[in-house]
**Q** 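I have a structure I would like to understand better, so I am pasting it below and will then ask my questions one at a time.
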Amino acid sequence: MTIGSTVFGYPRIGPMRQLKRAVEQYWSGKIDEATLQATARGLRAETWAELSELDSIPSGTFSFYDHVLDTAFLFDAVPQRHRDLGLSELDTYFAAARGRDGAAALELTKWFDTNYHYLVPELGPDTEFRLAGDKPIAEYREALELGFTTRPVLLGPVTFLLLAKSTVPGFEPLTLLDRLLEAYVELLGRLRVEGVEWVQLDEPAFAADRTPAELNALRRTYRTLSGLPGRPKLLVTGYYGDLGPALPILAESQVEAIGVDLVSAPDTSFAIPALRDKTLVAGLVDGRNVWRTDLHAALSKAASLLGSAREVVVSSSTLLHVPYDLEFEQLDADVRARLAFARQKVREVVVLGRALRDGADGAWADEAQRQVPSPRRDDHVRARIQSLRPENQVRAPYEDRAAAQQARLGLPPLATTTIGSFPQTGDIRKARAAVRSGEITPADYDQRMRDEISRVIDLQEDIGLDVLVHGEPERNDMVQYFAEHLEGFASTEFGWVQSYGSRCVRPPIIHGDVSRPRPITVPWSTYAQSLTSKPVKGMLTGPVTILAWSFVRDDQPLADTAAQVALALRDEIRDLEGAGIRVIQVDEPALRELLPLRQKDQSAYLAWSVGAFRLATTGATAATQIHTHLCYSEFNEVIGAISDLDADVTTIEAARSKMEILEGLDFPRGIGPGVYDIHSPLVQNEDQIVSLITEAVRAVPGERLWINPDCGLKTRGYAEVEQALRNLVAAAQRMRTHLG
């Protein structure tokens, strides 16, 4: 029954983002498929070698873009519009991810409560699953040829169906379960023929609240799969939270092992006795944050579980969400001493596993006895938090604000704007690298950024946008940029984490109390505003998003850290207003992302997250228009909280879903459902945008409806952006005329 020490998953982009570069070179035609596949094989081999100290090594966690998309292709759930392109298998896969030749991409949304994004499968009554690929088998063979016996990892069938969307109104993808199970049965049989001993099936959907029908689907699935004769042993995992009622359902099945996340849901340990004769895979090392594990506490917890299950082994939740290796970084010694990245976490898992099995040894002493410094404290910041009152989170009524803002701004109905960033050109990135290396002076760098801002303002004036942006050329990332200018943060050089596809981010690390020593964005915003009579938005990242896209200290409640960040942003908004900025956008794309998976925990989260946004923004005067932006989440689940933010204008993603979010929406303030899908290289033409605006005006009055892209334009090229924005403005003007 032994699995031994293991991890549920591992980063796949490469320590130096080799996969990102290879995939983007393939997209641009600079390398062929054979070269791309060779890069992938090399990265998989390196991963298996890095994990070789573990008792059980996972395979099948590699992906060129997304593991949910991999599952859809594995079982032939490919949209017909992508099949009809007549491309190779790999190019069809990328077309589904990015769109191509008029065939729109699959929707992109957040993976549970993380900053990873997955592609949403499209399923309908006519979907016929079959085992169409051999990725898990091929990667198992590949590892075996290199001398590594691995445990193939699959996305569980019920989670796959629960993540999918229907192509037909009223149809429930879960009704396809029996068809999908036939394909899983075939795959398990083929894996057993290959000699596979263990297979991991991930069902993280059951860390969230589920209906009786969904729980029954889980019961039927694992009765079927665990009852197969001659199958591999099954490990079913449910990381990201408490499995709740799903745990006894899995315990009743014949699966051999169950993985539970004892970091996200430490109270799960009380339910462990229900596992009886199962192998417990206990997630005691945090796979989602970068702090060192308290090995003494983890070993004590593991030891306390002995006897509650046949065997307790040590594992983390998937390490997809943390950087590769702390050894690459030059960090303050006190901060560094508190950290562990993926490679260090694997070492912790190995040491814990050995200590549990064989007792403490020299390696245990080396890891467990290190002193961990305390977080840095700022008494002034803490005093400000203590002095806050309810009136610090209230603005004037919206009607009064709207009148004051219209008198000041004079905007037309269907006002046009963008979300903030413009393309980050090669010249911008070269300038940023040159100032870091000392090849150019900071003054030279600032002048290059001013030149770029001037070009962006001129372009927007020529296109005819109503509210402009400065384009953010000086920003490496919407969170890291602020982290580099706030006390209490540390930034990494190589701490890359995959967000989606080839898109990677470097989450900063919040290690102490947060404060703003000086204005951050004011000089850039005031320079841009000096170039035009049109309003230029001041651009800030909201407190919740800064937390969600950072690795946050774990020694105090998130709400306390959010309030500290909010006060820093409140000071920045005050200074932007003082400099004459009339429109200020505070982006909160991660508001839905941090929403707890269990409903019982959600109201407390929404209270402090909304409170943090309001703390940041309610110091603004009535005549200053406050915007916020949210993207790629299930907005309807938190629409009340979005309204409670009390922003004057809220912009959201809506292009890929063709305005589905607006169905039945009663939003009391300005709203900008995106009409340009910036995550696809396709450029929507004027007629396509008019069609989207037509849908939008059925739900929102023209004076409160804004016309904008789905998200920032940083990752796109200028040629496509300029054409798309000209189409957007032309469509808005056409609709103004049509509506009178």
Side-chain angles (χ1 to χ4, degrees), residues 3-20 39-68 70-71 111 114-116 118 135-136 138-140 142-144 146-155 198-202 204 235 237 239-240 259 261 263 281 283-290 293 313-328 339-353 494-502 504-505 507 551:
I3 296 175
S5 61
T6 190
V7 293
F8 291 152
Y10 201 68
R12 57 204 184 198
I13 57 175
M16 297 297 167
R17 295 182 295 160
Q18 297 96 317
L19 183 63
K20 167 192 170 64
T39 299
R41 285 193 298 273
L43 289 173
R44 290 193 292 267
E46 289 175 13
T47 294
W48 294 324
E50 288 170 11
L51 302 181
S52 59
E53 279 196 282
L54 295 168
D55 296 318
S56 178
I57 302 172
S59 64
T61 59
F62 173 85
S63 178
F64 278 119
Y65 203 99
D66 167 51
H67 57 277
V68 182
D70 293 343
T71 306
W111 171 254
T114 77
N115 187 35
Y116 179 78
Y118 76 94
K135 180 178 181 294
E139 291 184 20
Y140 176 81
E142 187 179 311
L144 202 59
L146 295 170
F148 304 107
T149 301
T150 61
R151 180 186 76 250
V153 177
L154 308 173
L155 181 60
W198 281 95
V199 171
Q200 176 179 321
L201 290 152
D202 292 343
L235 161 61
T237 71
Y239 41 80
Y240 300 142
D261 185 342
V263 174
V281 182
L284 294 167
V285 173
D286 193 346
R288 296 179 57 181
N289 216 328
V290 293
T293 303
V313 295
V314 181
S315 175
S316 71
S317 52
T318 177
L319 298 176
L320 176 67
H321 309 296
V322 295
Y324 268 86
D325 195 351
L326 181 61
E327 295 305 314
F328 295 145
L339 302 178
F341 291 178
R343 284 177 176 164
Q344 288 72 45
K345 288 178 182 292
V346 169
R347 180 62 182 164
E348 289 178 337
V349 167
V350 169
V351 169
L352 272 170
F494 303 102
W496 296 101
V497 176
Q498 184 182 26
S499 180
Y500 64 87
S502 67
C504 302
V505 295
F551 295 117

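Quantities reported herein were computed from a predicted structural model and do not represent experimental measurements.
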**Q** Step by step, would you call Gln344 with Glu327 a side-chain contact (heavy atoms from CB on, under 4.5 Å)?
**A** CA-CA 9 Å; Gln344 288 72 45; Glu327 295 305 314; 4.0 Å; yes
**Q** For Glu139, enumerate each residue passing the side chain to side chain donor-acceptor pair (under 3.5 Å) test, keeping only those at least two apart in sequence or located in another chain.
**A**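 Testing Glu139 for side chain to side chain donor-acceptor pair (under 3.5 Å), a comparison that skips the adjacent residues, returns Lys135.
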**Q** Counting N and O atoms only, with roles assigned by atom type, does the side chain of Thr150 sit under 3.5 Å from a partner on the main chain of Pro152, one being a donor and the other an acceptor?
**A**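 Between the backbone of Pro152 and the side chain of Thr150 there is no qualifying donor-acceptor contact (under 3.5 Å).
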**Q** If you take all heavy atoms of Ala49 and Ser52, which pair is closest and at what distance?
**A**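 Heavy atoms only, the tightest pair is O-OG, 2.7 Å.
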**Q** Considering only heavy atoms from C-beta outward, does the side chain of Trp198 approach that of Ser56 to under 4.5 Å?
**A**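 SC-SC contact between Trp198 and Ser56 ruled out.
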**Q** I need the Thr318 OG1 to Tyr10 OH distance, nearest 0.5 Å.
**A**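 Spacing of OG1 (Thr318) from OH (Tyr10) equals 11.0 Å.
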**Q** So, does Asp66 use its side chain to make a donor-acceptor pair with the main chain of Tyr118 at under 3.5 Å?
**A**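 Such a contact is absent between Asp66 side chain and Tyr118 backbone.
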**Q** Return the set of residues passing side chain to side chain donor-acceptor pair (under 3.5 Å) with Thr237 (not counting sequence neighbours), or none when no residue passes.
**A**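 Applying side chain to side chain donor-acceptor pair (under 3.5 Å) to Thr237 gives Asp202.
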**Q** Taking side-chain contact (heavy atoms from CB on, under 4.5 Å) as the definition, give me every residue that meets it alongside Ser5, ordered by chain and number, with sequence neighbours left out.
**A**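 Result, side-chain contact (heavy atoms from CB on, under 4.5 Å) vs Ser5: Leu54, Asp55, Val349.
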**Q** Run the ring pair (Phe, Tyr, Trp, His ring centres under 6.0 Å) test against Tyr500 and tell me which residues pass, sequence neighbours left out.
**A**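 With neighbours one apart ignored, the set is His117, His679.
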**Q** Ring centres of Phe62 and Phe64 under 6.0 Å apart?
**A**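 That pair passes the under 6.0 Å test.
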**Q** Okay, side chain of Ser315, backbone of Thr6: is any donor-acceptor separation there less than 3.5 Å?
**A**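 Confirmed, Ser315 side chain pairs with Thr6 backbone.
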**Q** List the steps, then state whether side-chain contact (heavy atoms from CB on, under 4.5 Å) holds for Phe8 with Leu235.
**A** CA-CA 10 Å; Phe8 291 152; Leu235 161 61; 4.3 Å; yes
**Q** So which atom in Ala45 and which in Phe148 form the shortest heavy-atom distance, rounded to 0.1 Å?
**A**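 Shortest heavy-atom separation between Ala45 and Phe148 comes out as O-CE1, 4.5 Å.
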**Q** Measure across Pro323 and Phe341 and return the closest heavy-atom pair with its distance rounded to 0.1 Å.
**A**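 Taking Pro323 first and Phe341 second, the nearest heavy atoms are O-CB, 3.3 Å.
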**Q** Tell me every residue that passes side-chain contact (heavy atoms from CB on, under 4.5 Å) with Glu142, counting only those two or more places apart in sequence or in another chain.
**A**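 Glu142 satisfies side-chain contact (heavy atoms from CB on, under 4.5 Å) with Arg41, Arg44, Trp48 only.
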**Q** Which value, rounded to the nearest 0.5 Å, describes the distance between Ser59 atom OG and Leu144 atom CG?
**A**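 Nearest 0.5 Å value for the OG-CG distance: 10.0 Å.
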**Q** Using ring pair (Phe, Tyr, Trp, His ring centres under 6.0 Å) as the criterion, list what pairs up with Phe551, not counting sequence neighbours.
**A**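 For Phe551, no residue satisfies ring pair (Phe, Tyr, Trp, His ring centres under 6.0 Å) once neighbours in sequence are set aside.
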**Q** Between atom CG of Leu320 and atom CZ of Arg288, what is the distance when rounded to the nearest 0.5 Å?
**A**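 Spacing of CG (Leu320) from CZ (Arg288) equals 10.5 Å.
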**Q** Where is the tightest heavy-atom contact between Leu51 and Ile57, given as atom of each residue plus distance?
**A**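 Heavy-atom minimum between the residues: O-CG1, 3.5 Å.
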**Q** Evaluate Lys20 against Ile13 for side-chain contact (heavy atoms from CB on, under 4.5 Å), listing each step before the verdict.
**A** CA-CA 6 Å; Lys20 167 192 170 64; Ile13 57 175; 5.6 Å; no
**Q** Would you check, one step at a time, whether the test side-chain contact (heavy atoms from CB on, under 4.5 Å) holds for Lys345 with Asp286?
**A** CA-CA 8 Å; Lys345 288 178 182 292; Asp286 193 346; 4.3 Å; yes
**Q** Measuring from atom CZ of Phe494 to atom CZ of Arg17, what distance do you get when rounded to the nearest 0.5 angstrom?
**A**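 Answer for the CZ-CZ pair, Phe494 versus Arg17, is 9.5 Å.
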**Q** Please find the pair of heavy atoms, one from Val497 and one from Pro507, that lie closest to each other, and give the distance.
**A**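 Minimum heavy-atom separation between Val497 and Pro507: CG2-CD, 3.9 Å.
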**Q** Drop me the distance from Asp325's CG to Arg343's CZ, to the nearest 0.5 angstrom.
**A**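 CZ of Arg343 is found 4.5 Å from CG of Asp325.
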**Q** For the rings on Trp111 and His321, is their centre-to-centre separation under 6.0 Å?
**A**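 That pair fails the under 6.0 Å test.
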**Q** Of all heavy-atom pairs between Val7 and Val346, which one has the smallest distance, and what is that distance?
**A**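 Heavy-atom minimum between the residues: CG1-CG2, 4.3 Å.
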**Q** Is there a donor-acceptor contact under 3.5 Å from the side chain of Tyr324 to the main chain of Gly14?
**A**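 Such a contact is found between Tyr324 side chain and Gly14 backbone.
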**Q** Rounded to the nearest 0.5 Å, how far does OH of Tyr239 lie from OG of Ser317?
**A**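 Here the rounded value is 8.5 Å.
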